[in-house]
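This report refers to the structure that appears directly beneath it.
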Amino acid sequence: FENKKVNLDVGQKLKKLSRTKLDDAPKKAPSASALFRTEVSPGLMKEAKEKGHVWARGELIKKVAELWEKVPEEEKAPYIAKSNKLRAQVEAKGKDFKKTKKYIGFLEERQKLKIRQNRLVNLRDMPKKPKSVFAMFATEHKEEVPAGKGEGKGVSALKVKFSEASEDEKKRLEAEQKELLEKWKQDVDTFKVGDQFKTYQTTETKVKREFMNEAMKVMTLKFLNAAPQQPPKSAFAIYLNEKRKATEAPEDEPKSKEVKREEVVKYQEEWKNLDKELKEEWDTKMKDMMKDWQAQVKGFCEDELWKEYLSEAKRLRVPIKSLLSNKSEVIKRLKNGMRFISLPSTPEEMPRKPPGAFKLYAKAQKKEKEISDLEKIGEMWKELDAEGKKPFEQEAEDLLKQFYEDMRLFRQSDEAKSLL
């Protein structure tokens, strides 16, 4: 009976919470068949009224469903298009609503109600911890002191009486309390291996995960979507994106997963056949994009919006997302419990290996002729004769000699010795 009462009470509070906190949330968009039903129902009802017919409960819905099944696909298309448009509008409004404090408050209150319900229902039969020594003493002597609050009454008087009690009485109560405590621990251990406690743990985990998942979505909508978008993490990914952009028309329909998968396989074969120098140029482009993104992220992290995000994440106790997360810089844990940290970052004073002849040529083409197509630059490089390549090869050789000399001096510096 007690559990039914708790479930009923919490159920009513959850319904009230939805009414008061989600009243501004957009209503679900109608389906194509629902739009059709709204359009044809008045006519069917009017026709039935003229014939003296009264629709039974559910009869009208069944009739409309039969008519919808008979509608040709080309005539269904306008209803489907309108439904999709309305659904997109509702989703946009829904995202805006989820950014509000009202929705966050709803999530927090819902979690509190469900956790309280779970504890009241599934921990009701859990053994209660025995009284302390003073509480046991108070139970035995409460009739000996005046009732009430304040000095000389109730608890205050019992504390004075307990301080004046004999050591034998205190030891007796301590022995009784110790015995009760040991029995309580055994009873708790027995309770924890039972099905009721397992149900409590499962429900607790489920409620917390529900809140965490929804709270993370809200934090993403409200804060993280405003963060600079991370560029592709590999040279091939950039190559693939540019290939797709070159072949897509603005009015094209979104591609299916299967089509995208076929594109990846196709361009992987093309990527394998590219020259090493050309791949290195794509790799350089990827690194430049990553540096620009990191600079943007650092600026974003100094903004007030990011500070608000950190404060809100701490209050809701949700994990804080690292915008500059890098797997190579994260402590890796092995199965046997060992762990190791990735190598330190390269010092700024350390000389960088210079570009090769092809990279110098590509840089010149981008600057002088404003050619950005790397594949076209690769073909132009292949068509150059030995005389045309010679200036770039000579420049690359000179830069490499300078690099080796700079490295020799760097290895003698204190910065280099500190890395050993």
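Predicted model only: the values in this text are computed from it and were never measured. Sequential numbering from 1 along the given sequence is applied to the chain's residues.
- Annotation: side chain of Tyr200 is not in contact with side chain of Val121 (no heavy-atom distance under 4.5 Å).
- Side-chain atoms of Asn84 and Arg87 form a donor-acceptor pair, as typed in the model, at a separation below 3.5 Å.
- A pairwise comparison of heavy atoms in Gly378 and Phe358 identifies CA-CE1, 3.9 Å as the closest pair.
- Listed by first and then second residue, the salt bridge (charged side-chain N to carboxylate O under 4.0 Å, His left out) pairs that reach into residues 32-50 are Glu47-Lys51, sequence neighbours excluded.
- Residue Gln89 qualifies as enclosed at atom CD: its count of foreign heavy atoms under 6.0 Å is above 12.
- Pairs passing the salt bridge (charged side-chain N to carboxylate O under 4.0 Å, His left out) check and including a residue from residues 189-204, sequence neighbours excluded, read Arg119-Glu204, Glu204-Lys208.
- Salt-bridge check for Lys13 with Asp9: passed, with a basic side-chain N closer than 4.0 Å to an acidic carboxylate O.
- Put simply, the side chain of Tyr361 reaches to within 4.5 Å of the side chain of Met380, judged on heavy atoms.
- Two residues are said to be in side-chain contact when any heavy atoms from C-beta on lie closer than 4.5 Å; Lys131 and Thr139 meet this criterion.
- Classification of Lys390 and Glu393 as a salt-bridged pair fails, no side-chain N sitting under 4.0 Å from a carboxylate O.
- Counted by atom type alone, Asp292 and Gln296 present zero donor-acceptor pairs between their side chains at under 3.5 Å.
- A search for salt bridge (charged side-chain N to carboxylate O under 4.0 Å, His left out) contacts involving Glu405 returns Arg408, not counting sequence neighbours.
- Screening residues 63-73 for side-chain hydrogen bond (donor to acceptor under 3.5 Å, both in side chains) gives no qualifying pairs among residues at least two apart or on separate chains.
- Judged by distance alone, the side chain of Asn273 and the main-chain N or O of Glu269 form a donor-acceptor pair under 3.5 Å.
- Residues passing the side chain to side chain contact (heavy atoms under 4.5 Å, CB included) test with Asp125, sequence neighbours excluded: Phe191, Gln196.
- Between Ile238 and Pro231, the closest side-chain pair of non-hydrogen atoms is not below 4.5 Å.
- Checked against Asp283 for a side chain to side chain contact (heavy atoms under 4.5 Å, CB included), the options Glu281, Lys279, Lys287 give a single hit: Lys287.
- The distance between the ring centers of Phe223 and Trp306 does not fall below 6.0 angstrom.
- Under the 3.5 Å distance criterion, with hydrogens and angles disregarded, a donor-acceptor pair is assigned to the side chains of Asp398 and Gln394.
- With a 4.5 Å cut-off on side-chain heavy atoms, Lys76 and Phe36 do not count as touching.
- Among residues two or more places apart in sequence or in another chain, the side chain to side chain contact (heavy atoms under 4.5 Å, CB included) test is passed with Glu176 by Met136, Arg172, Leu173.
- Under the 3.5 Å distance criterion, with hydrogens and angles disregarded, no donor-acceptor pair is assigned to the side chains of Tyr239 and Gln268.
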